[in-house]
Amino acid sequence: MKKLVSLVLALMLCLSCVSALAAEAWTVTCPWAPSGVAAMVNQKAAALSTTYSQDYVLVANAEKGDTATINSWLTKYTEADPQMCFIGEGMFGITAILDPARMNFTYDDFKYVENLYSSIFVASARKELGITSIDALKAYLEAGNQIMVGTNGATGSEAFLAAALIGAMGYGDQFCLIPYESAAEAAQAVARGEVDVAVSHQSQILETWQQGGVDVFAAFDGQPIAQGPFAGVEGVGQYGYPYFRNRCFIFAKAGADEQKIADIKALYAQILADEGMVDWLNNTMLLEADPMTEEETIAHIENVKSIVNEYYDLVAE
């Protein structure tokens, strides 16, 4: 009897190994900082792929870079290769307008797969300014004050969100952009008093806010933040000011096998519905699972382009 049980267990182990070997591995490249938000979400999703599929294994890959990384990725792989990559609105909506020569690609070079998450950027102000609401920011500007805003880089998503908010209020001539190497550095700078306001991910300002060093007074969304430590912070869209969420889309190469892409999209749907994944996104990363159709993705990119075109002079001057 013991021998029979042993044989059955051995057979089950062999079948499991065969199943794992039969699964097709798809590498998902994140062309930004390996410790960044997108890379971390990519790793989490990849780790869950074997829980929900015997046919596909997602392999997370992070390469420090930007547009150049995507240029080389496109050259390196064909539509038959099991490869996908992240691209955000920064490339399609900002770089495409500010510096199109850097891009050796267009949207048509890719096959859309899925959007995994969205991040609602927030604006924080140094405590002594008393800017605790969007109306308070407007009053501060109405008093004639210049405002220094710290952001991740000089022409990133955060820079355009800040310019759009202050420009739409009518105080673009009082706006001074202070670029930092990352949104996390900008968040630290506002707490140190180097800048008046910073735009960052919620997770990047959380600790400073908990310590009482800053006031988080606005969310770059259409309504108040619904959950997490910043629940209730009002959205700029409530006042009619422009905004967009930060999103990172997953693409394969144009011409990739339609059935395989459909299967992987279905796999991502299961991963994004996983209770542990949802809890981790919401409560650890302060993000939201946010699957989107391709039509919604294109609309998002076009909205970013419209903001960049309107407030280009405030950011790129």
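What you see is a predicted model, and the numbers here were worked out from it, not measured in a lab. Residue numbers count from 1 along this sequence.
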Heavy-atom distance under 4.5 Å between the side chains of [X] and [Y], does that happen here?
X      : Y      : value
Gln202 : Ile225 : yes
Ile307 : Val304 : no
Asn115 : Arg247 : yes
Glu288 : Tyr117 : no
Asn71  : Phe105 : yes
Asp279 : Leu281 : no
Val37  : Ser119 : no
Ile271 : Leu267 : yes

For side chain to side chain contact (heavy atoms under 4.5 Å, CB included), just list the numbers for Ser203 and Leu206, CA-CA rounded to whole Å, side-chain angles, deciding distance to a tenth of an Å, and then say yes or no.
-> CA-CA 5 Å; Ser203 58; Leu206 178 60; 5.5 Å; no

Between Phe121 and Phe220, is the gap from one ring center to the other below 6.0 Å?
-> no

Between Tyr107 and Phe92, is the ring centre distance below 6.0 Å?
-> yes

For atom [atom1] of [X], is the number of surrounding heavy atoms from other residues, nucleotides or ligands below 6.0 Å larger than 12?
X      : atom1 : value
Glu207 : CD    : no
Lys265 : NZ    : yes
Glu128 : CD    : yes
Glu275 : CD    : no

By salt bridge (Lys or Arg N to Asp or Glu O under 4.0 Å), Asp66 pairs with (sequence neighbours left out) Arg102

How would you list, by chain and number, every residue that makes a salt bridge (Lys or Arg N to Asp or Glu O under 4.0 Å) with Glu310, sequence neighbours excluded?
-> none

Do [X] and [Y] sit in one hydrophobic cluster, given that two such residues count as connected whenever their side-chain heavy atoms are within less than 4.5 Å of each other, even indirectly?
X      : Y      : value
Tyr311 : Met148 : no
Leu74  : Trp32  : yes
Ile97  : Met91  : no
Val236 : Leu286 : no
Val190 : Leu177 : no

Gap separating the [atom1] atom of [X] from the [atom2] atom of [Y], nearest 0.5 angstrom:
X      : Y      : atom1 : atom2 : result
Asn309 : Ile94  : CG    : CD1   : 11.0 Å
His300 : Glu302 : NE2   : CD    : 11.0 Å
Gln188 : Ser200 : CD    : OG    : 10.0 Å
Ile250 : Leu116 : CD1   : CG    : 3.5 Å
Trp73  : Cys85  : CH2   : SG    : 4.0 Å
Asn104 : Thr67  : CG    : OG1   : 9.5 Å

Output side-chain donor-acceptor pairs under 3.5 Å for residues 38-48, partner residues at least two apart or in another chain, one line each.
from, atom 1, to, atom 2, distance (Å)
Asn42, ND2, Val28, O, 2.8

Just by distance, do the side chain of [X] and the backbone of [Y] share a donor-acceptor pair under 3.5 Å?
X      : Y      : result
Asp109 : Thr106 : yes
Ser53  : Thr50  : no
Glu296 : Thr293 : yes
Tyr77  : Ala80  : no
Ser124 : Val216 : no
Asp81  : Gln83  : no
Glu114 : Met292 : yes
Glu24  : Val57  : no

When you look at Asn282 and Gln227, which way does the side-chain hydrogen bond (donor to acceptor under 3.5 Å, both in side chains) test go after all the steps?
-> CA-CA 8 Å; Asn282 291 347; Gln227 59 191 11; 3.2 Å; yes

Go through the steps for Glu194 and Arg126 under the test salt bridge (Lys or Arg N to Asp or Glu O under 4.0 Å), then give the verdict.
-> CA-CA 9 Å; Glu194 294 178 9; Arg126 53 191 178 95; over 6 Å; no

Test log, rule side-chain hydrogen bond (donor to acceptor under 3.5 Å, both in side chains), inputs Asn152 and Tyr180 | CA-CA 5 Å; Asn152 175 24; Tyr180 288 86; over 6 Å; no

Would Asp263 and Gln259 count as having a side-chain donor-acceptor pair, cut-off 3.5 Å?
-> yes

Distance-only side-chain donor-acceptor flag, Thr27 / Asn61, under 3.5 Å | no

Would you call Glu79 and Lys253 a salt bridge, using N to O less than 4.0 angstrom?
-> no

Where do Thr297 and Tyr112 land on the side-chain hydrogen bond (donor to acceptor under 3.5 Å, both in side chains) test, with the steps shown first?
-> CA-CA 9 Å; Thr297 297; Tyr112 177 70; 3.2 Å; yes

Side chain to side chain contact (heavy atoms under 4.5 Å, CB included) between Met84 and Thr29, worked out = CA-CA 6 Å; Met84 297 184 289; Thr29 296; over 6 Å; no

side-chain hydrogen bond (donor to acceptor under 3.5 Å, both in side chains) between Ser157 and Asn246: does it pass, once the steps are laid out?
-> CA-CA 8 Å; Ser157 295; Asn246 173 231; 4.9 Å; no

Stepwise, does the side chain to side chain contact (heavy atoms under 4.5 Å, CB included) test hold for Ile178 with Cys176?
-> CA-CA 7 Å; Ile178 310 295; Cys176 180; 3.9 Å; yes

Output every pair passing ring-ring contact (aromatic ring centres under 6.0 Å, His included) with a member in residues 222-245, not counting sequence neighbours, ordered by first then second residue.
-> Trp209-Phe230

Tell me, please, which residues at least two apart from Ser118 pass side chain to side chain donor-acceptor pair (under 3.5 Å).
-> Arg245, Asp290

For the pair Ile264 and Val113, evaluate side chain to side chain contact (heavy atoms under 4.5 Å, CB included) and give the outcome as yes or no after the intermediate values.
-> CA-CA 8 Å; Ile264 291 173; Val113 181; 4.2 Å; yes

Hey, can you pull the donor-acceptor pairs under 3.5 Å for the side chains in residues 160-174, sequence neighbours left out?
from, atom 1, to, atom 2, distance (Å)
Gln174, NE2, Leu141, O, 3.1
Gln174, NE2, Asn145, O, 2.6

